[in-house]
Structure formats: structure tokens, C-alpha cells
Amino acid sequence: MGELAIRDLDFEAATRLDATPELRLVGSADTAIVKQLAALIEELHGRLVSAGVRDIVVDIRSLEFMNASCFNVLVNWLGLIHELEPHQRYRLHFTTNHSIPWQRRSLHTLSCFATDLVVVEG
Amino acid sequence: MAIPEELVQQFRTVAQERLARVETAWAQVLSALDEDAAVLMHRELHTLKGESKMLGFSDVNLVCHKLEDLLDVARGRGYAVDEDVDLAVNMALRFMAMLVRKKVGSQLGGIDLPGFVKQIDLTIAELSSEPKTRTSGITPFKPSTAGPRIPAALRSRLSLIAINAFIEYASARSLRRERLRPSWHTLRDLIAIQRAVIGSAQLAKHKGGAQSLARELGKEVQLVIDVASVEATAEMLAAVDAAVLHLVRNAVDHGIELPEHRTAMGKPARGTIRITCTVADDTLAMSISDDGRGVSMEEVRARAIDFGLIKPDETRVDERWLEIVCHPGFTTRAEASEVSGRGVGLDAVRIGIHEVGGSLTATTHPGRGVIWHVRIPLPKITFDAHMFRLPNIAFPIILDGAWQPINDPGDGALILDVAQMLGLSEQRSANPPRYFKRDDKVIGILSDQPPKAVSARRLIAPPPPAFAEVVIVETTESLLVHFDRQYR
């Protein structure tokens with residue numbers, strides 16, 4: 001399978017699809033990369049469902065900024081997961097950085113969409 | 001009574017459409033301060049709130065109500081909000097879209113409605129407590145206290161650099177903008193135009209100095225200041241101040257005679273030094289005159305020969321005396337006194353006036369005094385302008401008010417996509433051109449909205465052929481683009 005990644009001037013996304021799947025987001029996610037991010041998430045979702053994954057770590061410890069458009073991509077991701085049959089659904093474990101203020105509030109708000117699908121770990 | 005399923009489905013469809021329109025309108029409000037979009041946004045939400053209540057979607061009604069509260073606070077701030085608010089609005093719209101899809105009366109499952117509402121309340125509380133001075137995420141300019149003066153040539157070079165620095169800083173987001181902020185602020189504060197007033201109040205301090213000097217020399221002098229207040233720059237005030245200081249001291253020291261000499265010539269014992277100032281044709285015209293003995297051409301000639309400025313066979317210096325006395329180091333005194341004679345005053349005065357684009361001339365009449373003329377072109381610091389908020393540009397774009405809007409551009413109009421021009425967008429705008437004319441030039445600026453009439457104040461104005469300046473509109477730093485210089 002091809003590599004799922006984004007490498008932009010201010011933003012990088014990298015995936016690992018092994019026994020402990022992970023999506024790592026680094027830098028600043030804004031309008032410049034929103035389409036790429038949406039495409040990556042959609043492709044990643046398909047591969048995770050095919051692999052029967054139950055959990056994926058989303059490492060945002062080095063994600064300095066994410067604008068509303070990119071955050072909507074994460075909200076849409078939850079929508080995709082919610083549309084699955086219950087036995088196919090997987091959880092998103094966010095690994096966060098307390099020194100980046102926006103992460104705490106935004107992820108807590110995101111978790112309100114699906115408390116059963118979002119786990120926020122400090 | 002149960003609500004017919006057909007009505008519920010109809011509500012779901014209409015609600016999703018309303019939410020999509022609100023999302024689009026919100027983006028337009030943020031990017032272009034579109035007032036029509038703001039009105040539509042509030043109206044759609046209000047309607048959705050009412051419909052959701054009627055159709056039994058109490059959770060949608062609750063979130064709608066909270067979002068209305070948030071947008072009301074944002075409206076009170078002219079929609080000058082940061083990313084947190086943008087995120088909260090978007091999340092609220094997505095949350096409602098999710099609730100609209102949920103079956104009425106069913107369990108919320110993993111949806112945490114109270115938690116979400118609490119987050120919105122926190123955002124409202126934070127926004128309500130913020131001061132109202134921020135605009136577009138760009139820190140408003142507060143004129144700094146007087147910093148170090150830098151030479152005009154260096155200021156000119158730095159101002160060219162500053163335009164690009166402003167565009168990069170104002171276009172950056174979040175962490176990048178935070179990194180660029182100190183650089184931009186330092187550069188801006190170093191070279192920004194600082195407004196000043198030149199008037200009687202500012203020059204009155206020289207009265208005491210003139211009279212004190214006169215007393216030291218055994219003379220009697222009155223300094224009459226008749227200067228209308230005029231808006232200028234701090235550099236201009238400094239140049240005028242230095243000119244008045246040196247020319248008044250020169251007049252007291254060299255020009256005004258001792259009282260007994262004056263009365264012997266039929267003059268009042270007390271000499272008069274008069275400063276007048278008028279403004280005409282955007283030029284400040286100041287004269288500093290005295291009723292003293294005037295400039296002695298013989299003394300000037302003799303000292304000029306001593307300094308090697310003229311040849312001994314040059315008998316007349318009437319045409320060149322000003323150039324001679326303004327020469328660095330020139331003095332008619334054989335010995336420097338405590339007051340003057342070191343030959344530094346007039347040279348510094350002329351340099352100071354030249355640095356602000358002005359000129360220094362003089363006329364003299366033997367036995368009747370000297371009149372110094374200072375002329376300085378007044379920059380148009382505050383002016384009428386048109387303000388655009390354009391997509392892909394995070395700061396206002398300003399068009400000088402000299403450009404007049406027209407409907408019929410005729411042939412040869414220069415169509416401008418400002419975002420592309422500034423390298424802020426790779427795709428050409430699909431918006432229609434708004435036409436303007438100035439002299440024989442016609443431009444069309446691609447914009448979906450007409451501009452707003454504003455008053456702008458120059459902040460950083462590099463000399464031509466610079467393509468832009470940084471100006472202030474209310475408290476917002478904006479980019480004035482010299483579209484006329486786009487013509488080739």
C-alpha cells in the first residue's frame with residue numbers, strides 16, 4: 001500500500017499502519033493543507049476499516065495550530081466512524097501537549113461529538 | 001400530539017440547508033466583513049431556532065440559542081475575533097448538523113450536549129472579557145514614545161523593506177505571526193511617521209531662550225510668534241525647531257544691535273525677531289525675520305577668503321552669501337564665543353530642512369535685518385480613501401480617495417487581482433471588477449463587494465517607486481497600494 005503522508009512547508013502528517021496504528025500531525029494546519037488532510041483522513045479511514053482496527057493514536061503533541069477548516073476534517077472523520085456498524089467502529093486516542101493552549105479546549109469540544117469514540121490523553 | 005414524520009423530514013432538510021448557508025455566511029463575514037452576510041447569518045439562525053423549537057428538536061434549539069449569543073458578542077466587536085471563536089462557531093454548526101440527523105427523542109449516545117454547551121459558554125465569557133481594540137488578529141498600532149531618530153536615507157531604505165515585512169507578518173497565522181510580531185513592531189516603531197503639530201505653542205519655548213541670551217549680551221529683544229497650527233511629522237517639527245533655535249540665536253547674537261546703537265539709528269531700543277508661518281498649496285512657508293543690522297557682505301567676503309571658499313580677487317559675494325554662511329564650519333567671528341562662532345548652526349539648519357524635503361533661503365538688507373525663509377512641503381498624512389476587504393488577504397487593502405469610482409471603464413482598464421499581485425493567492429479571483437479612474441488611468445479591482453469610504457493615516461510611506469505604503473484605518477494596519485504605479 002502506498003505511503004499516507006503530507007509534507008508541506010509548515011505542516012506534516014505521517015501514518016503508521018502496523019499493530020499500533022498512528023497518525024502524527026506536526027506543525028501548523030491551515031487552509032493551505034485542508035484538502036490534502038481531508039483526502040488523507042478519508043483514505044486512512046478506509047484502510048483502518050479494512051484492517052479491522054479498533055484504536056488509532058492521533059499524536060498532535062507537535063501540532064502548534066489547527067484552524068477551523070482543518071478541525072472540521074476531524075469532525076467529519078468522527079462522522080465517518082459513526083456511520084459504521086458498531087462492531088466496525090474504532091476509537092481516536094489523541095496524544096496532546098498541555099503547553100499548547102488551543103489543544104485542551106478544542107479536543108474537549110471535539111470529544112463532545114462522540115465521547116465513546118474520542119479519548120484525550122495528556 | 002405527535003409531529004408528522006413528513007414535517008420532521010422537511011425540517012431536517014431545511015435545517016441542513018440553513019446550517020450550510022450560515023457556515024458560508026460566517027466565512028464571508030470573517031474574510032470580508034460582509035455586512036449582508038452577517039445579517040443573513042443572524043436571520044437564518046434565528047429562524048432555525050424557532051423551527052427547531054416547534055418541531056421538538058430541543059437540543060438543536062439549545063445549541064442554536066448559544067451560537068446566537070456567541071455571534072451577538074462577536075458582532076459587538078465588529079466580528080474581529082480570533083481562531084478560537086471561529087472554531088467554536090464551526091463546531092457549533094457541525095454539532096447542530098449532527099443533532100438534526102438524530103432521531104427526535106432518541107438517546108444522545110456518545111454525544112455530550114451539556115459539555116458542548118459549556119465549551120460555548122466558556123468561549124462567550126472569554127470573548128466578552130476581551131478588550132475591543134483587536135482587529136483581524138493584527139495588533140492595533142499604538143504610536144510609541146519618541147524613539148531614536150534615524151537618518152532620512154536609512155529610513156527610506158528601511159521603509160521599503162517594511163512594506164514586505166508587513167505583508168508577511170499580516171498574512172501569517174498563529175505561531176508564525178507570533179514569531180514575526182516582534183520584528184514587525186520593532187521595524188514599524190523605528191520608522192513609522194509620527195504626527196506632530198507645528199504651531200505657536202510648540203515654538204513658544206524659544207522666547208525665553210532669546211530673551212535670556214539677549215540679557216547676557218546686554219541687548220533687548222522681543223520674539224513675536226505668529227504661527228497657525230499645522231499637522232506635520234515629528235521630523236518636520238524637529239527640523240523647524242532646530243531652524244528656529246539657530247536662526248533666533250544668530251539674530252540675537254549677530255543681528256540685533258545694542259540698545260544705544262539702535263536708538264542712535266532711530267530704531268526702537270528693543271529689537272524684534274518675528275516668526276510667521278502660513279500654509280498654501282500643501283507647503284509650509286515660515287519666515288524668521290529680525291530688524292537688526294543685516295548681513296555684512298564685507299565681513300562674509302573677508303571670512304570666506306580666510307576659509308578658502310572664494311578667491312581674493314572675487315570682489316562681490318552678494319549672489320553667494322547664503323551658500324557661504326551655510327558652509328560647514330563657516331563663521332564671521334575670529335574667535336568663538338560662548339554663544340556662537342563655532343560655525344555649526346546654519347549648516348545643521350540647512351541639512352535638517354533638506355532632510356524633510358524643504359528649502360532654506362534668505363534675503364538681507366543692510367541696516368534693516370535678515371529674513372530667513374523656510375519652505376517645507378507638507379505630506380498628506382491623513383486622507384480620504386476606499387477600503388477593500390478581499391478574499392485571501394488578511395488585512396484591508398486601501399485605495400487612495402483620489403481614485404473615483406466609475407461604471408463605464410471604456411477601453412484599456414487595468415484589471416487587478418490584488419491577492420495574486422501580492423503573491424497571496426495562486427488562483428485568479430472570480431469576482432467582478434470594481435472600476436476606478438484617476439487622471440487618465442482606469443483600474444478594475446476584482447472584488448465581490450464595493451469598498452467602504454474611510455479616513456486613512458500614513459504610517460510607513462517609502463518614496464516612489466514603492467508599490468505600497470502601510471496606513472492606519474481606525475486602529476487597523478492596512479496596505480495602501482499605489483495602483484497607478486502598476487501601469488507600465
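Every chain is numbered from 1, with letters handed out A, B, ... down the list of sequences. Keep in mind it's a predicted model, so treat the numbers as computed, not measured. Excluded from the calculations below are hydrogen atoms, water molecules and symmetry mates; all remaining heavy atoms, backbone and side chain alike, are included.
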Crowding at CD, Q10(B) (>12 non-hydrogen neighbours, <6.0 Å): no

R179(B) and E64(A) ion-paired at < 4.0 Å: no

Nearest atoms (heavy-atom pairs only) where D116(A) meets G110(B): OD1-CA, 3.6 Å

Heavy-atom side-chain proximity of H82(A) to R101(B) below 4.5 angstrom: no

Heavy-atom side-chain contact between T109(A) and F116(B) under 4.5 Å: yes

Heavy-atom contact with chain B under 4.5 Å, split by part of S28(A): neither

R89(A) atom CZ, over 12 foreign heavy atoms within 6.0 Å: yes

Pairwise distance CG(N90(B)) to CG(N72(A)) - rounded to 0.5 angstrom: 4.5 Å

Nearest-0.5 Å distance that lies between atom CZ in R94(B) and atom CG in L74(A): 11.0 Å

Segment of N67(A) engaging chain B (4.5 angstrom heavy-atom cut-off): both

Q36(A) atom CD, neighbour heavy-atom count above 12 within 6.0 Å: yes

Euclidean distance, S106(A) OG relative to M91(B) CE, rounded to 0.5 Å: 6.0 Å

E5(B) atom CD, neighbour heavy-atom count above 12 within 6.0 Å: yes

Heavy-atom neighbours of R21(B) CZ exceed 12 at 6.0 Å: yes

CD (Q9(B)) with more than 12 external heavy atoms under 6.0 Å: yes

Atom CZ of R7(A) with >12 non-hydrogen neighbours under 6.0 angstrom: no

Gap separating the CZ atom of R177(B) from the CZ atom of F65(A), nearest 0.5 angstrom: 8.5 Å

Note, R176(B) side chain near D30(A) side chain (heavy atom, < 4.5 Å): no

Proximal component of L117(A), with respect to chain B [non-hydrogen, under 4.5 Å]: neither

Side chain / backbone / both / neither for E23(B) at chain A, heavy atoms under 4.5 Å: side chain

Q16(B), CD atom: more than 12 neighbouring heavy atoms under 6.0 Å: yes

Heavy-atom side-chain contact between L87(B) and M66(A) under 4.5 Å: no

M98(B)/V75(A) under side chain to side chain contact (heavy atoms under 4.5 Å, CB included): CA gap, chis, key distance, verdict: CA-CA 10 Å; M98(B) 183 177 63; V75(A) 174; over 6 Å; no

Closest non-hydrogen atom pair, G115(B) against C112(A): C-SG, 3.5 Å

